[in-house]
Amino acid sequence: MSKEITARSQDYAKWYNDLVLKGGLADYSAVRGCMVIKPYGFALWENMRDVLDRKFKETGHQNAYFPLFIPKSFLSKEAEHVDGFAKECAVVTHHRLMNDPNGGGVVVDPEAKLEEELIVRPTSETIIWNTYRDWIKSHRDLPLLINQWANVVRWEMRTRLFLRTAEFLWQEGHTAHATAEEAIAETVQMLDVYADFAENFMAVPVVKGVKSPSERFAGAVDTYCIEALMQDGKALQAGTSHFLGQNFAKAFDVKFSNKENKLEYVWATSWGVSTRLIGALIMAHSDDEGLVLPPKIAPLQVVIVPIYKGEEQKAALDARVQVIMDELKKAGIRVKYDDNDNARPGWKFAEYELQGVPVRIALGARDLENNVAEVARRDKKTKESLSLDNLSGQIIDLLDDIQTSMFNKAKEFQQASITKADTFEEFQAILDGKAGFVAAHWDGTAETEEKIKELTKATIRCIPLNNPQEEGKCILTGKPSKERVLFARAY
RNA sequence: CGGGAUGUAGCGUAGUCCGGUUAUCGCGCCUGGUUUGGGACCAGGAGGUCGCAAGUUCGAAUCUUGCCAUCCCGACCA
């Protein structure tokens, strides 16, 4: 028993860390706040990235790459934008090192000070819009639909593996449009892409909504988001899509000639999801035995463990497994045959459960005689004996079933975790009890929102799209309100 | 960045209060053998800047100061 996982009920934060570290997803690094994403964790990210990248291209976007460094002056061109990021920027001030004349190793060469300091991008709106000015002249250049896969740096006070690190990987889409309507449609379209990805690939149900003004992206007119719910009842913002209006076009003077040959500022969007999604995935599905990964993005979907006495039995198993492997691989299933002789079956079972591999096939000499295999599903921790006839077909169906069943389980939990509150007492009792989302009336002011946050640590996660309109009174001030908004404590 | 806790081999730890031979134990690792249906067993072996740096002392894992890292709780945030 080498890899004990702290129980969720005992210490949720420690449980999460155990899964990331012992599940082999990531490690702490020598740099404060930064992590090393290990091969298994990166394989997970690659699968997520590939699906999203395909969806971006299907919706007409192209990938490009913009510089890591942003001239300091760019950042200050959009007033709200700089306000939002100024406190968490890494700044490059010099471009050369030298040997310490006093023999203390390398030091920064004071002669090599940069004329204009460079900011390590916390997000790329400014450098991109500075470029778009040159790219966009006519309505024929629009829409401009660009995405970039990149790393960004935000100097966070307090970091957590995957959920909040000083450097993280993400994609950021930046689009330019001729009209506001078109830009809003793009913003909503990409929100739908994110929601579809979260629900149908990660099996994580989300609420689509709009952020309140105080939770809005710095420089946006409207921020749309998908909000996921973790098993401890805390919400997690899983993706955002911003309608930027003409804010960046004006700041960077990006104009186009319309059909009437009149100059107009373009309309913008930006949207992103990050390696934070991996944190969401872990906290939405996993259990006290380890990770539980949805088949569609699991690095490894099926593992086959042989059980044998002696070389003769092993050879017979090898031959049969080869057939199963070929069939599964032909169907595009990511499968591994673990015939490593150093670890015994029980050890492998525990290890693959920790790593969240959706399906495990155990095959022994006895099984061959009976023409069956023992098939275990990670999500429900059940085992059944399946016939070797058309085993691969049954496995493919099982993977589908696991995917659906994981989503349904999470969806049920989410639905059961949206609670209405009509008084402040109820509101607080729910937060301190089962937590989750609380649907409550709010008078629409930033002051009330701030006061509620102060009193309860809960924030407005979003105003759901297609939110039912109903008359009510703000839970804090009693002022009239026409709809409920979703509050929660959040990551 | 404030408050609290922790830091001894890859992991988990004893020893720290009250300084004193060669730093304890388990897991893991290496070699050989027996094993293999839920984290195997036997035998032998390797592995340590006791978080880092100064200081006190004849002598520091142990005492003092500073620093670093991680975790928890706040403020900030995807």
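We use all heavy atoms of the structure for the numbers below, so side chains are in, but hydrogens, waters and symmetry mates are not. Being a predicted model, the structure only gives us computed values, none of them experimental. Chain letters run A, B, ... following the sequence lines, proteins first, then strands; residues in each count from 1.
The side chain of A/Arg360 lies closest to B/G38 when the candidates are B/U36, B/G38, B/C72. Taking only side-chain atoms of A/Lys453, from C-beta outward, the nucleotide of B/A40, B/C76, B/C72 with the closest atom is B/C76. Relative to the side chain of A/Tyr28, the nucleotides B/U36, B/G39, B/C71 differ in distance, and B/C71 lies closest.
A 4.5 Å side-chain heavy-atom check between A/Trp15 and A/Ser286 finds at least one atom pair inside the cut-off. At least one side-chain heavy atom of A/Thr240 sits under 4.5 Å from a side-chain heavy atom of A/Cys225. Inter-residue side-chain proximity for A/Arg216 and A/Glu80 is flagged as unmet; no heavy-atom pair is nearer than 4.5 Å.
Here A/Gly33 lies in heavy-atom contact (under 4.0 Å) with sugar-phosphate atoms only. A/Ala343 comes within 4.0 angstrom of nothing in the nucleic acid, heavy atoms only. Within 4.0 Å (heavy atoms only), A/Ser274 reaches at least one base atom of the nucleic acid. When heavy atoms are screened at a 4.0 angstrom cut-off, A/Leu163 is found touching base atoms of the nucleic acid.
The side chain of A/Lys348 contributes no N or O atom lying less than 4.0 Å from OP1 or OP2 of B/U36. Within the 4.0 Å cut-off from OP1 or OP2 of B/C76, not a single side-chain nitrogen or oxygen of A/Lys457 is found. Phosphate contact (OP1/OP2 of B/C73, side-chain N/O of A/Arg158, threshold under 4.0 Å): present. Neither OP1 nor OP2 of B/C77 sits under 4.0 Å from any side-chain N or O of A/Arg154.
The base of B/G38 is paired with the side chain of A/Glu353 by a donor and an acceptor separated by under 3.5 Å.
B/G10 is paired with B/C27 under the Watson-Crick or G-U wobble criterion, all donor-acceptor distances under 3.5 Å.
In this structure, a donor-acceptor pair under 3.5 Å is present between the side chains of A/Tyr337 and A/Asp318.
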